[in-house]
Amino acid sequence: MRRREFVVGALGAGLAASTMPDRVLDGMPEALSGASQGTSRSTGGMASASQLRTAIPFGAAVRVDYLADQFDYKTAILEHCQIVVGEGGLKWIDLRPTRDDFVFDQPDRLIAFADANGMKMRGHTLAWYGAMPDWTQQIASEAEAEGELVRHIETVVGRYKGRIPSWDVINEAIADNPTADAPFRDSIWYQRLGKRFLELSLRTAAAVDPDVQLVINDYAIENPTEQCRAKREALLAMLRDLKDRDVPLHAVGIQGHLLGDQEIDKEGLSRFVEEVSGLGLEVLVTELDVIDNKLPASTYDRDQIAAATARDFLGAICDVKRPGAILTWGITDRYTWVPMWFTRDDGKPNRPLPLDVNYRPKAMMQVIEDFTRVPA
Ligand code: XIL
């Protein structure tokens with residue numbers, strides 16, 4: 001039985017097709033749980049709060065082509081996920097082959113899959129330095145950059161208005177080694193617009209879809225290193241500046257590409273989540289995986305260390321605030337971005353994700369289940 005069906009069946013609660021409730025509804029429906037005062041199928045009446053329990057919804061980045069031609073892959077996504085996000089498809093490199101073209105085939109197929117299976121779809125991502133088509137390097141002026149960025153966001157967010165409830169509007173805006181004078185990462189947008197591209201992106205997305213959850217997404221904030229401390233501080237400074245100027249923003253996406261050989265700075269990460277929450281922002285875990293290139297060769301040892309690292313990371317966040325969702329960046333070791341950058345010296349395949357190459361759950365999946373199941 002799929003996890004999704006089991007949870008709904010066990011609760012006997014009628015829910016909007018896309019919800020997977022597990023915890024007492026916290027009042028306002030959340031963008032990604034879709035939790036709402038559904039009707040109880042058994043009684044037909046309004047389900048009580050004790051019946052409607054919203055879990056921390058779980059999901060994964062998906063390669064939409066594999067949904068079409070790989071049964072086991074599609075089955076794993078259907079069994080484990082309430083949320084999907086395109087690993088590609090909504091990045092400029094996929095969406096914008098030329099200045100005049102928008103190619104929506106991939107995201108259209110993914111939103112159709114999500115809608116057909118009662119899932120929510122996240123949008124990733126509107127303003128990033130990465131995966132940019134060559135023609136964008138020709139954007140020559142501030143006015144041209146503003147025009148292209150606004151047109152892109154208006155067209156893309158507009159197309160999926162009311163269907164994609166949560167967008168990584170801005171991805172990885174903070175420099176890898178930020179300083180007080182230079183906190184931001186280089187990108188065509190920062191080059192042409194300065195930090196104004198942040199506000200422009202957020203305000204444009206909000207104007208197109210006032211109901212969409214606007215997320216700023218970043219990584220490498222979870223270890224007890226000077227780099228992670230500096231990134232946390234730079235991220236918080238940016239968030240405070242945006243909130244002080246009433247720029248629309250709803251959540252911070254903590255990517256969670258965890259270095260398996262490094263410990264989690266539980267105190268530093270928890271304090272960061274407290275600060276984010278104090279700004280009135282939600283927290284999402286958006287791209288969880290464990291980079292194991294420096295872990296022991298033994299698959300058992302690696303899986304245990306990866307699971308423990310994920311547990312420490314999720315614990316440091318969930319001890320402070322319930323994330324609106326937990327997503328991994330892929331679902332199976334068979335398809336992961338990790339070897340693009342983090343191959344192992346011994347040549348063994350990476351094992352960063354909750355399911356192994358044969359879709360068998362690993363220790364990490366148990367950790368994810370522990371954090372997303374009904375509270376005792
Ligand atoms: C990666 C994809 O997984 C790769 O397939 C693609 O070639 C490059 O981008 N952080 C992010 C994601 O926000 O968009 C990146 O995804 C991984 C790092």
Side-chain angles (χ1 to χ4, degrees), residues 59-67 70 73 77 81 83-97 103 105-107 109-110 121-134 136 152 156 164 166-176 184-190 197-198 201 213-223 227-228 231 235 238 251-260 283-293 310 313 323 325-343 349-355 357:
V62 168
R63 298 181 182 182
V64 70
D65 290 346
Y66 298 164
L67 288 177
Q70 300 201 29
Y73 183 78
I77 297 295
C81 297
I83 306 170
V84 290
V85 59
E87 186 170 356
L90 282 170
K91 294 169 179 173
W92 282 62
I93 196 78
D94 307 305
L95 206 48
R96 305 294 307 280
V103 178
D105 169 60
Q106 285 191 50
R109 283 189 281 139
L110 186 54
M121 178 176 168
R122 296 207 67 237
H124 176 85
T125 177
L126 297 170
W128 189 28
Y129 76 92
M132 294 295 279
D134 290 345
T136 57
H152 182 85
V156 179
I164 291 182
S166 177
W167 270 100
D168 289 337
V169 176
I170 295 154
N171 195 37
E172 305 179 353
I174 299 298
D176 268 341
F184 298 113
R185 181 189 293 273
D186 189 25
S187 68
I188 188 67
W189 310 122
Y190 187 62
F197 89 91
L198 302 167
S201 302
Q213 183 185 55
L214 305 173
V215 182
I216 284 183
N217 196 40
D218 219 314
Y219 73 103
I221 63 164
E222 59 273 342
N223 299 127
Q227 179 190 24
C228 285
K231 282 200 77 169
L235 199 43
M238 175 180 68
V252 174
I254 303 175
Q255 289 186 9
H257 293 300
L258 308 181
L259 300 173
V283 166
L284 305 177
V285 173
T286 52
E287 304 184 17
L288 177 62
D289 53 22
V290 179
I291 296 166
D292 65 340
N293 60 324
F313 171 75
I326 295 173
L327 292 95
T328 50
W329 201 246
I331 190 83
T332 167
D333 295 338
R334 183 181 292 259
Y335 304 120
T336 167
W337 76 296
V338 169
M340 285 178 69
W341 299 95
F342 304 98
T343 51
N350 298 97
R351 297 174 66 89
L353 287 166
L355 303 181
V357 292

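For ligands, and for the atoms within them, numbers begin at 1 and follow the listed sequence.
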Pairing residues for Asp176 by the side-chain hydrogen bond (donor to acceptor under 3.5 Å, both in side chains) criterion, not counting sequence neighbours: Arg185, Tyr219

Please work out which of the three classes, parallel, tilted or perpendicular, describes the rings of Trp92 and Trp189, given edges at 30° and 60°. tilted

What does the N/O contact table under 3.5 Å look like for ligand 1?
| unit_1 | atom_1 | unit_2 | atom_2 | d |
| --- | --- | --- | --- | --- |
| ligand 1 | 3 (O) | Glu87 | OE2 | 2.6 |
| ligand 1 | 3 (O) | Trp329 | NE1 | 2.9 |
| ligand 1 | 5 (O) | Glu87 | OE2 | 3.3 |
| ligand 1 | 9 (O) | Lys91 | NZ | 3.1 |
| ligand 1 | 10 (N) | Glu172 | OE2 | 3.1 |
| ligand 1 | 10 (N) | Gln255 | OE1 | 3.4 |
| ligand 1 | 10 (N) | Glu287 | OE1 | 3.0 |
| ligand 1 | 13 (O) | His124 | NE2 | 3.3 |
| ligand 1 | 13 (O) | Asn171 | ND2 | 2.9 |
| ligand 1 | 13 (O) | Gln255 | NE2 | 3.3 |
| ligand 1 | 13 (O) | Glu287 | OE1 | 3.2 |
| ligand 1 | 13 (O) | Glu287 | OE2 | 2.8 |
| ligand 1 | 14 (O) | Lys91 | NZ | 2.8 |
| ligand 1 | 14 (O) | His124 | NE2 | 2.7 |
| ligand 1 | 16 (O) | Lys91 | NZ | 3.1 |
| ligand 1 | 16 (O) | Trp329 | NE1 | 3.2 |

Inter-residue atom distance Arg122.CZ - Asp168.CG, 0.5 Å rounding: 4.0 Å

The ring-ring contact (aromatic ring centres under 6.0 Å, His included) partners of Tyr335 (sequence neighbours excluded) come to Tyr66, Tyr73

Could you tell me the separation between the CD1 atom of Ile326 and the CD1 atom of Ile83, rounded to the nearest 0.5 Å? 9.5 Å

Kindly write out the residues that satisfy side-chain hydrogen bond (donor to acceptor under 3.5 Å, both in side chains) with Thr328, not counting sequence neighbours, or none if the list is empty. none

